[in-house]
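Position 1 is the first residue of the sequence, and the numbers go up from there.
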Amino acid sequence: MIICHKYKFIYIKSMKTAGTSLEIALASFCDENDIISTDEDVEENLKKKLSRGGQNNLYKIPRVSYRNLKHNIFQSIKLILIKLGIKFNHKVKFINFLNKEKFYSHIPAKNVKKIISKNIWDSYYKFTVIRNPVDQIISYYYWCNKSEAERSKNPFEVFVKEHSREFFSKQKDIYTFDNEIIVDKCIVFENFKEELNELSKKLRLPKNLFEIFNKIRTKNYTRKNKDLSIASDHTIKNLIKENSSEILNLHSNFYN
């Protein structure tokens, strides 16, 4: 997830849509004032190496309550007594009234909207990436089952039955609220070159975004060939379609 003040855009990172690679490409246009979410160690180290790592991704939420206030008053009294020579079994520990929370990697757009100012949300260009559900769930399957041994123990058909409904529900939640799309643009994964070229022009970026993105490789376990044949069975394909129906209804011309 990125909030770039320099070029006034908000990137909402979806799942299994080359999100980290796109994030790295977009981060190359950011400066020290922009917000970039932090990823797991491998991805984060790569982000730091190729462009920018996570930064400015903490915000503060007041958590003042009578209980916390009472606790801190007692801790203050305890501290005074310790200075007077009285010993206690436990150390003095105050509660911080400002609780830090992260702008995390796959934070939904509706959560970002709650955190940032209305002016930034309304004036910045907000976008995410969508992908053909069949290819997307296959990608998710390979990500969850990286080795042949894992895949033999967890066949694709079983994986779809057990995980696809929840996966697509989370995917939809990333960029919608009350079944309405709340970002300005849903970039189609299958049309990345054209879409990213247009985005470069829209954001007035100094370099072509697709050319930067196309040179980035983030995962050594990415499958070499898109083995769509594992979803060739009509029953499984229909189940994928059924479990992703809410997404398909939002993008009626998306599914083939």
Side-chain angles (χ1 to χ4, degrees), residues 1-40 42-57 103-109 112 116 120-133 135-136 138-140 142-143 171 174-175 181-226 250-251 253-254 256:
M1 194 282 305
I2 294 178
I3 301 177
C4 180
H5 302 298
K6 189 175 182 180
Y7 293 100
K8 298 186 182 300
F9 70 78
I10 299 175
Y11 166 55
I12 302 298
K13 187 178 178 182
S14 53
M15 298 177 283
K16 310 320 300 169
T17 55
T20 300
S21 295
L22 181 55
E23 188 176 42
I24 291 171
L26 289 166
S28 67
F29 299 102
C30 295
D31 60 28
E32 64 276 4
N33 298 313
D34 298 326
I35 296 171
I36 304 172
S37 63
T38 302
D39 279 284
E40 296 180 2
V42 175
E43 284 82 2
E44 188 61 23
N45 290 336
L46 191 59
K47 284 163 63 175
K48 291 177 180 177
K49 179 181 178 181
L50 297 178
S51 59
R52 284 181 177 270
Q55 61 179 38
N56 304 323
N57 55 10
F103 282 94
Y104 54 93
S105 185
H106 295 295
I107 184 171
V112 175
I116 64 178
I120 289 178
W121 178 262
D122 290 342
S123 62
Y124 283 28
Y125 191 69
K126 303 168 288 292
F127 58 93
T128 190
V129 180
I130 59 172
R131 185 175 186 177
N132 182 290
D135 199 22
Q136 190 174 24
I138 291 174
S139 180
Y140 184 52
Y142 275 85
W143 184 81
Q171 169 70 9
I174 285 174
Y175 61 95
I181 297 172
I182 59 172
V183 295
D184 300 307
K185 176 71 175 178
C186 291
I187 293 170
V188 178
F189 177 88
E190 287 75 14
N191 299 332
F192 244 0
K193 183 175 182 178
E194 295 80 3
E195 299 268 25
L196 295 187
N197 285 339
E198 287 299 317
L199 186 64
S200 295
K201 297 175 184 177
K202 176 71 178 180
L203 300 177
R204 297 183 179 179
L205 300 177
K207 296 181 181 179
N208 183 275
L209 179 58
F210 178 76
E211 291 179 4
I212 298 173
F213 164 83
N214 202 36
K215 295 176 182 178
I216 296 170
R217 299 291 180 270
T218 60
K219 298 178 178 66
N220 57 13
Y221 54 79
T222 301
R223 64 193 192 278
K224 294 180 180 179
N225 299 309
K226 294 182 178 180
L250 289 170
H251 312 281
N253 61 342
F254 183 53
N256 295 317

message: Taking salt bridge (charged side-chain N to carboxylate O under 4.0 Å, His left out) as the definition, give me every residue that meets it alongside Glu194, ordered by chain and number, with sequence neighbours left out.
response: none
message: For a side-chain contact (heavy atoms from CB on, under 4.5 Å) check, start with the C-alpha distance between Asn132 and Phe189, then their side-chain angles and the critical distance, and finish with the verdict.
response: CA-CA 8 Å; Asn132 182 290; Phe189 177 88; over 6 Å; no
- request: Would you check if Cys30 and Ile36 make a side-chain contact, meaning some heavy-atom pair closer than 4.5 Å?
  value: yes
- request: Please answer whether the main-chain N or O of Glu211 pairs with a side-chain N or O of Asn214 as donor and acceptor at a distance below 3.5 Å.
  value: no
query: Counting N and O atoms only, with roles assigned by atom type, does the side chain of Ser139 sit under 3.5 Å from a partner on the main chain of Asp135, one being a donor and the other an acceptor?
result: no
query: So, does Thr17 use its side chain to make a donor-acceptor pair with the main chain of Arg131 at under 3.5 Å?
result: no
message: Quiz question: by atom type and distance under 3.5 Å, do the side chains of Asp39 and Ser105 form a donor-acceptor pair?
response: yes
query: Which pairs count as ring pair (Phe, Tyr, Trp, His ring centres under 6.0 Å) when at least one residue sits in residues 16-36, sequence neighbours excluded?
result: none
- prompt: Do Thr20 and Lys13 have a side chain donor and acceptor closer than 3.5 Å?
  reply: yes
- prompt: Do Arg52 and Asp34 come close enough that some side-chain heavy atom pair is under 4.5 Å?
  reply: no
Parallel, tilted or perpendicular: rings of Tyr140 and Trp143 (30°, 60°): parallel
message: Could you check whether any side-chain N or O of Ser14 sits under 3.5 Å from a backbone N or O of Ile130, counting only pairs where one atom can act as donor and the other as acceptor?
response: no
- prompt: For Glu32, does the CD atom sit with more than 12 other heavy atoms under 6.0 Å from it, leaving out its own atoms?
  reply: yes
field: Lys126 side chain reached by Trp121 side chain, heavy atoms, under 4.5 Å
entry: yes
Side-chain (Tyr175) to main-chain (Lys185) donor-acceptor, under 3.5 angstrom: no
- prompt: Are the side chain of Gln55 and the backbone of Asp31 linked by a donor-acceptor contact shorter than 3.5 Å?
  reply: yes
field: Test item: Ser200 side-chain N/O and Leu205 main-chain N/O as donor-acceptor pair under 3.5 Å
entry: no
message: Can you confirm whether Lys16 sits close enough to Gln171 that some side-chain heavy atom of one is under 4.5 Å from a side-chain heavy atom of the other?
response: no
